[in-house]
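Notes follow once the structure below has been shown.
Along the sequence shown, residues carry numbers from 1. Basis for what follows: all heavy atoms, side chains included, without hydrogens, waters or symmetry-related copies. Counting convention: from 1, in listed order, for ligands and their atoms alike.
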Amino acid sequence: MSTLGTQIRLSRIINNKTQRSFCVAMDHALHLGCSKGLEHPETVLDAMAEAGVDGVILSLGSALRYGAHLVRNGGPALILRLDQTTMWREGTDLDYKDGHTRMVASVNDAIALGADAVINYMFVGHNDPAEETIAFRSTSEVNAAARAAGVVHIIETMGARHALAKNINDGSFVAFHARIGAEMGADIIKTDWPGSTEKLRSIVAQSPVPVMLAGGPRGKSDRGTLELVSSVVKAGAAGILFGRSVFEANEPLAVMRACRVIVHEGGSVDDAIDTAGFHALPLTA
Ligand SMILES: O=C(CO)COP(=O)(O)O
């Protein structure tokens, strides 16, 4: 049973009325350096407040520099990214991309910053069991510290790239690591799209905690993004924690408004497009 502190913080991320959540991941520059769409993070944060985003994942540096934008206009709750990963690093050494992570911030930092949640990756299925041991040990240390502080712990479970998981969207593999994340004490699981609505439905049904989905790279169109959001909601998941498909969009504010309509109002993709205020049709990249 979680503490009152965790329950109060959880209620700021998962809406009590809808039992759903629409969050944005904006920690990409921590892993990728200069990132498309994040040239002016403060503009995106202001748009989140306007669109009614529930929570945002930031690195420590972005929280320190741009956090004031979360205070204005009832901005989103802060979810502090605690680890940095090599997962996206381009290079020839595939093992290097397996999903090695290192802790670069702490639960104490999260408390000092007023964060409601912390998040870290837990890559499962490494070729090297020593890597997996590091992932599990550091996740359990974060979980113990978060529980003691009453801070929400989101575990982002993913298949290690180029290792046991040949396809990161393999439904059985996503089911495997998502459930392990729940057993590690997560308050919320963030994970990859498992290939189909049916598979996601069975993962959600077997999870003792809310499941939220990462968005992956921006697809060909904003409509495609919204169709994915709609599938996530139809599968009974708690919501989305999308990054690139939101802030790389031509009109991030309109995409966020549309996501909110689908997640919290149960609207269709067409309803969402009609009410979001797109200037151009959200059909092309
Ligand atoms: O895990 C992520 C950032 O925290 C990735 O988010 P997207 O795949 O939605 O860009």
Side-chain angles (χ1 to χ4, degrees), residues 13 21-38 41 44-45 48 53-63 76-90 97-105 110 115 117-124 135 139 142 152-161 165 167-169 174 177-178 181 186 188-195 200 211-222 224-229 231-232 237-249 252 255-256 258-259 262-263 285:
I13 294 171
S21 180
F22 165 37
C23 297
V24 174
M26 221 173 82
D27 57 313
H28 298 58
L30 175 64
H31 316 288
L32 292 164
C34 299
S35 298
K36 184 172 183 280
L38 295 184
V44 190
L45 288 173
M48 284 182 208
V53 170
D54 298 306
V56 59
I57 303 177
L58 292 180
S59 65
L60 179 81
S62 278
L78 174 59
I79 303 167
L80 188 67
R81 164 68 67 186
L82 298 190
D83 58 344
Q84 195 276 348
T85 180
T86 60
M87 184 255 284
W88 282 317
R89 200 70 63 82
E90 294 302 328
K97 285 182 73 181
D98 259 6
H100 178 73
T101 63
R102 42 268 167 138
M103 290 297 157
V104 293
V118 291
I119 184 165
N120 71 279
Y121 291 108
M122 194 176 82
F123 290 98
V124 180
T139 297
V142 170
V152 173
H153 186 195
I154 306 175
I155 301 181
E156 183 159 0
T157 75
M158 303 238 148
R161 270 62 173 163
N167 168 11
I168 58 159
N169 302 115
V174 175
H177 55 68
I188 297 173
I189 293 294
K190 177 186 176 190
T191 197
D192 278 323
W193 171 250
L200 180 56
V211 176
M212 297 179 69
L213 270 280
R218 184 176 179 231
K220 288 199 179 60
S221 72
D222 297 331
T225 298
L226 300 177
E227 278 165 358
L228 181 59
V229 177
S231 300
V232 168
I240 56 166
L241 252 160
F242 280 17
R244 289 162 288 177
S245 46
V246 170
F247 63 72
E248 287 183 7
V255 172
M256 287 190 243
C259 288
I262 297 170
V263 171

Query raised in the report: Who pairs with D54 by side-chain hydrogen bond (donor to acceptor under 3.5 Å, both in side chains), at least two apart in sequence or on another chain?
Result: H264
Report task. Taking all heavy atoms of N120 and all of H153, pick out the closest pair and write down the distance. Result -> OD1-NE2, 2.6 Å
Report summary line: Applied to residues 240-249, the salt bridge (Lys or Arg N to Asp or Glu O under 4.0 Å) test, sequence neighbours excluded, yields none
Report summary line: Contacts of S21 meeting side-chain hydrogen bond (donor to acceptor under 3.5 Å, both in side chains) (sequence neighbours excluded), chain-then-number -> none
Query raised in the report: For ligand 1, what is the set of protein residues having any non-hydrogen atom at a distance below 4.0 Å?
Result: A25, D27, H28, R81, W88, Y121, E156, K190, G215, G216, F242, G243, R244
**Report entry** Aromatic contact, Y121 with H100 (centres under 6.0 Å)
**Finding:** no
Query raised in the report: Are H177 and F123 close enough that their ring centres sit under 6.0 Å apart?
Result: no
